[in-house]
A.B. asks: 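I have a structure I would like to understand better, so I am pasting it below and will then ask my questions one at a time.
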Amino acid sequence: DAGTRRTLAEKAWAADARYVDPVSDVTGAGGFAGMVAGIQEHYAGHSVVRTSAIDQHHDQIRFEWELRAADGAVVVAGVDYGELAPDGRLQSITGFFGPVAQEEAA
C-alpha cells in the first residue's frame, strides 16, 4: 500500500535522507518509498531479508541482506552502510550488491 509505505518511510528517514546503490539514487522519504514500490513491482513475489545483525558504532550502521525468490533462491545479496541523523532516523544508506571483489595476488 503506497500510503502505508510512505508513512513508514517518513518515520524511518530524515527529511533530506539519501539512499544510493548501483541502480538507484533517491532523496527523502518519498523518493525511498517510490524506489521500494518499483522494486516490489519488478520483483513481485520476492522478499528482502536481513541476514545479519545491525552493526552500529557512533552514528554509523551496516547490515547484510538478500533478495530471495518465492522458492527461497537468492537472487542477489549485499551489504548496506548507513548514517543515522541526530534524531535516530536514517540519514543515508549506501548499498552494495554481491561480494567484495578480491585483489589478485601479485
A.B. asks: List the residues meeting side chain to side chain donor-acceptor pair (under 3.5 Å) with Thr4, not counting sequence neighbours, and say none if there are none.
C.D. replies: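 Thr4 satisfies side chain to side chain donor-acceptor pair (under 3.5 Å) with Asp1 once adjacent residues are dropped.
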A.B. asks: With sequence neighbours left out, which residue pairs that include part of residues 37-46 fulfil the salt bridge (Lys or Arg N to Asp or Glu O under 4.0 Å) condition?
C.D. replies: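 Found none.
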A.B. asks: Give every residue pair that meets the salt bridge (Lys or Arg N to Asp or Glu O under 4.0 Å) criterion with at least one member in residues 88-97, sequence neighbours excluded.
C.D. replies: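 As it turns out, the salt bridge (Lys or Arg N to Asp or Glu O under 4.0 Å) pairs with a partner in residues 88-97, which skip direct neighbours, are Asp87-Arg89.
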A.B. asks: With sequence neighbours left out, what residues match Asp59 under side chain to side chain donor-acceptor pair (under 3.5 Å)?
C.D. replies: none
A.B. asks: What residues form a side chain to side chain donor-acceptor pair (under 3.5 Å) with Gln40, not counting sequence neighbours?
C.D. replies: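 Residues passing side chain to side chain donor-acceptor pair (under 3.5 Å) with Gln40: Arg5.
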A.B. asks: Between Ala14 and Gln91, which heavy-atom pair has the shortest distance, and what is it?
C.D. replies: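 In terms of heavy atoms, the two residues are closest at CB-OE1, 3.7 Å.
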A.B. asks: Taking His58's backbone N and O only, do any of them form a donor-acceptor pair with Gln56's side chain (distance below 3.5 Å, no angle check)?
C.D. replies: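 Confirmed, Gln56 side chain pairs with His58 backbone.
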A.B. asks: Between Ser24 and Val20, is there a donor-acceptor pair closer than 3.5 Å when you use the side chain of the first and the backbone of the second?
C.D. replies: no
A.B. asks: CD of Glu10 to OG1 of Thr7: how many Å apart, nearest 0.5 Å?
C.D. replies: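 Output value for this atom pair is 6.0 Å.
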A.B. asks: Could you please spell out the steps behind the side chain to side chain contact (heavy atoms under 4.5 Å, CB included) verdict for Ile61 and His57?
C.D. replies: CA-CA 7 Å; Ile61 62 170; His57 68 79; over 6 Å; no
A.B. asks: Going by the rule side-chain contact (heavy atoms from CB on, under 4.5 Å), which residues pair with Ala77 if we only count those two or more places apart in sequence or in a different chain?
C.D. replies: Glu66, Val74
A.B. asks: Does Val49 belong to the same Ile/Leu/Val/Met/Phe/Trp/Tyr cluster as Val76, with side-chain heavy atoms less than 4.5 Å apart forming each link?
C.D. replies: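 No.
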A.B. asks: Is it possible for you to say whether Met35 and Leu8 belong to one hydrophobic cluster, with membership spreading through side-chain heavy-atom contacts below 4.5 Å?
C.D. replies: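 No; tracing contacts between hydrophobic side chains, which count when under 4.5 Å, never links both residues.
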A.B. asks: How would you list all residue pairs meeting salt bridge (Lys or Arg N to Asp or Glu O under 4.0 Å) that involve residues 70-85, not counting sequence neighbours?
C.D. replies: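 Matches after skipping sequence neighbours: none remain.
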A.B. asks: Applying salt bridge (Lys or Arg N to Asp or Glu O under 4.0 Å), which residue pairs with at least one partner in residues 15-28 are found, sequence neighbours left out?
C.D. replies: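 For residues 15-28: Arg18-Asp25.
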A.B. asks: Under the ring pair (Phe, Tyr, Trp, His ring centres under 6.0 Å) rule, collect the residues that match up with Tyr19, sequence neighbours excluded.
C.D. replies: Phe32
A.B. asks: Glu64: what forms a side chain to side chain donor-acceptor pair (under 3.5 Å) with it, not counting sequence neighbours?
C.D. replies: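 Counting only residues at least two positions away or on another chain, Glu64 forms no side chain to side chain donor-acceptor pair (under 3.5 Å).
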A.B. asks: Checking His46 side chain against Tyr43 main chain: does a donor-acceptor pair fall under 3.5 Å?
C.D. replies: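 Checking the backbone N and O of Tyr43 against the side chain of His46, a donor-acceptor pair under 3.5 Å is found.
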A.B. asks: Any side-chain to backbone donor/acceptor pair from Gln102 onto Val100? Under 3.5 Å, distance only.
C.D. replies: yes
A.B. asks: Please answer: with hydrophobic residues joined when any side-chain heavy atoms are less than 4.5 Å apart, are Val79 and Leu67 in the same cluster?
C.D. replies: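 No; Leu67 is not reachable from Val79 via cluster members.
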A.B. asks: Can you list, pair by pair, the side-chain donor-acceptor contacts under 3.5 Å of residues 92-99, counting residues two or more places apart and other chains?
C.D. replies:
none

A.B. asks: Passes side chain to side chain contact (heavy atoms under 4.5 Å, CB included), Thr51 versus Arg68? Steps please.
C.D. replies: CA-CA 11 Å; Thr51 58; Arg68 296 180 184 167; 3.7 Å; yes
A.B. asks: Of all residues at least two apart in sequence or in a different chain, which pass the salt bridge (Lys or Arg N to Asp or Glu O under 4.0 Å) check with Arg62?
C.D. replies: Asp55
A.B. asks: Let me check something: do Trp13 and Tyr81 share a hydrophobic cluster, defined by ILVMFWY side-chain heavy atoms less than 4.5 Å apart, either directly or through other members?
C.D. replies: no
